[in-house]
2 protein chains.
Amino acid sequence: MNLPPLIQAFVLHFGEMGSRWGINRTVGQVYAVIFLANRPVCADDLVDAVGVARSNVAMALKELQSWELIRLKHVPGERRDYYGTLDDIWAIVRKLVEQRKRREIDPTLTVLRELLMQSPASEEERFAQERMQEMHGVIELVTGWYDDIERLETERLVQLLSLGSKIVKALDWKDKLFVAKGGGKPKGPERP
Amino acid sequence: MNLPPLIQAFVLHFGEMGSRWGINRTVGQVYAVIFLANRPVCADDLVDAVGVARSNVAMALKELQSWELIRLKHVPGERRDYYGTLDDIWAIVRKLVEQRKRREIDPTLTVLRELLMQSPASEEERFAQERMQEMHGVIELVTGWYDDIERLETERLVQLLSLGSKIVKALDWKDKLFVAKGGGKPKGPERP
DNA sequence: CTGAATTTTCAGGATTTTCTGAAGTAACGG
DNA sequence: CCGTTACTTCAGAAAATCCTGAAAATTCAG
């Protein structure tokens, strides 16, 4: 491993965290190197930087491409494949959430839907299904919220996140105004 | 493994997903059984339900307790330890997010802060630090937002999630009204 | 075509993680 | 105390995952 100290420290950390994040050490380290580089990176660079076998680097690159977290970037006059991360940090975050949802949540949602179709054959199963229903409801709510939010342009998204829970007060106030002005139902906004 | 079919299907699924979620098969299955049970569950029940060695069940229970996802529930007149999940599904979700943040994000935040204190020794390091700064900013923003949101009572939280991105329109509208009424700055709510 | 450069695949060895059974410890009733 | 029940610990077996080097496949210039 052959990197400036500051970069090496970050790369080693990403390697260690890899297992917690559901990727392996090499994949973590390879991604870290690409993320921190100020230019596209090729397999040889990575062998050099991370210090593992070339075939291992190839596997890591394949894995990262399957996550759509890195992209092939052709360098003019170069035959080798060069890779870079997505353009901006928010694109990376969105992709990460999308992929983890796809891998960690969607399969469960599918199973839940299947099992909720069946009729319980005992009180035990009836109760279990009730719990599954609760879980299904929460997942639908949270992922539905994200699907919606995720479409916002980044600037809006950042605004929203910066507000935090202050947004609730803002909404209260809006509701009050709305009611005061003599509008319809007191709860929930409706389309005009 | 000895469970009603509906429950067994769910338990097996949780076992399979375990590795993606950063827990092992047994831990996943044990949690699933406890989650679906309509009464507290003891180690023997779990050995019976999941079909693994008792020591393995003990390990799984220890792991789940370290996540604070299950709680000891004493059953009157019983010597054995019985376990149950947190009371309601939202408490479970909150705990899950809290723990995953603690395990998967906080360590990285610490490392980032350390590395951002150092002065770069080259252009390469300077650029890398810029990227780390971006990552740090995003993590702070998102986790800060969650820390804030997480304090809301569940009813409020559900309201907020149900709104999705409609909230942005609501805010726009509020801003417009606010400005129309001749109030202060056009952006961002301030305390009255 | 041919051959060099590069990437991909994969069998098997190395490492890590998970699981088991046996032994050990603790708590309790009588 | 003693024996029973229940829980925990832990060494090593079993399984899963990761990594390597060699070989195969692909790409491209000449």
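Just so you know, these numbers use all the heavy atoms, side chains as well, and skip hydrogens, waters and symmetry mates. Order of the sequence lines sets the chain letters (A, B, ...), proteins ahead of strands, with each chain counted from 1.
- Following rounding to the nearest Å, B:Lys62 (NZ) and C:dT18 (P) show an atom-to-atom distance of 14 Å.
- For DNA chain D, the outermost nucleotides in 5' to 3' order that have an atom under 4.0 Å from a heavy atom of chain A are D:dC18 to D:dC28.
- The nearest whole Å value for the distance from the CG atom in A:Asn56 to the P atom in C:dG13 is 18 Å.
- Using a 4.0 Å cut-off between charged side-chain N and carboxylate O, B:Asp44 and B:Arg54 make a salt bridge.
- Along DNA chain C, the nucleotide closest to A:Arg80 and the one closest to B:Asn24 are compared, and the more 5′ of them pairs with A:Arg80.
- The interatomic distance linking B:Met59 (CE) with C:dC19 (P) rounds to 10 Å, in whole Å.
- Of the two residues contacting DNA chain D, namely B:Gln65 and A:Val27, the nearest-nucleotide position lying further toward the 5' end is that of B:Gln65.
- Summary of the strand contacts: A:Ser55 and A:Arg25 both lie near DNA chain C, and taking for each the nucleotide with the nearest heavy atom, the more 5' one is attributed to A:Ser55.
- Contact between A:Ser162 and B:Leu141 at its shortest, heavy atoms only, is OG-CD1, 3.8 Å.
- In this structure, A:Glu63 places its CD atom 14 Å from P of C:dT9, rounding to the nearest Å.
- Along DNA chain D, the nucleotide closest to A:Arg79 and the one closest to B:Glu78 are compared, and the more 5′ of them pairs with B:Glu78.
- For B:Leu46 and C:dT20, the CG to P distance is 14 Å, given to the nearest whole Å.
- Put simply, CG on B:Leu72 is 13 Å from P on C:dA27, counting in whole angstrom units.
- With distances taken from any side-chain atom of A:Ala43 to the nucleotides C:dT20, C:dT7, C:dT6, the minimum falls on C:dT7.
- In this entry the distance linking CZ of A:Arg54 with P of C:dC10 reads 18 Å, nearest Å.
- Remark: aromatic rings of B:Phe14 and B:Trp21 are close, center separation under 6.0 Å.
- No chain of hydrophobic side-chain contacts below 4.5 Å, direct or via other Ile, Leu, Val, Met, Phe, Trp or Tyr residues, connects B:Tyr82 to B:Leu72.
- No hydrogens or angles considered: a donor-acceptor pair under 3.5 Å links the side chains of A:Thr85 and B:Arg131.
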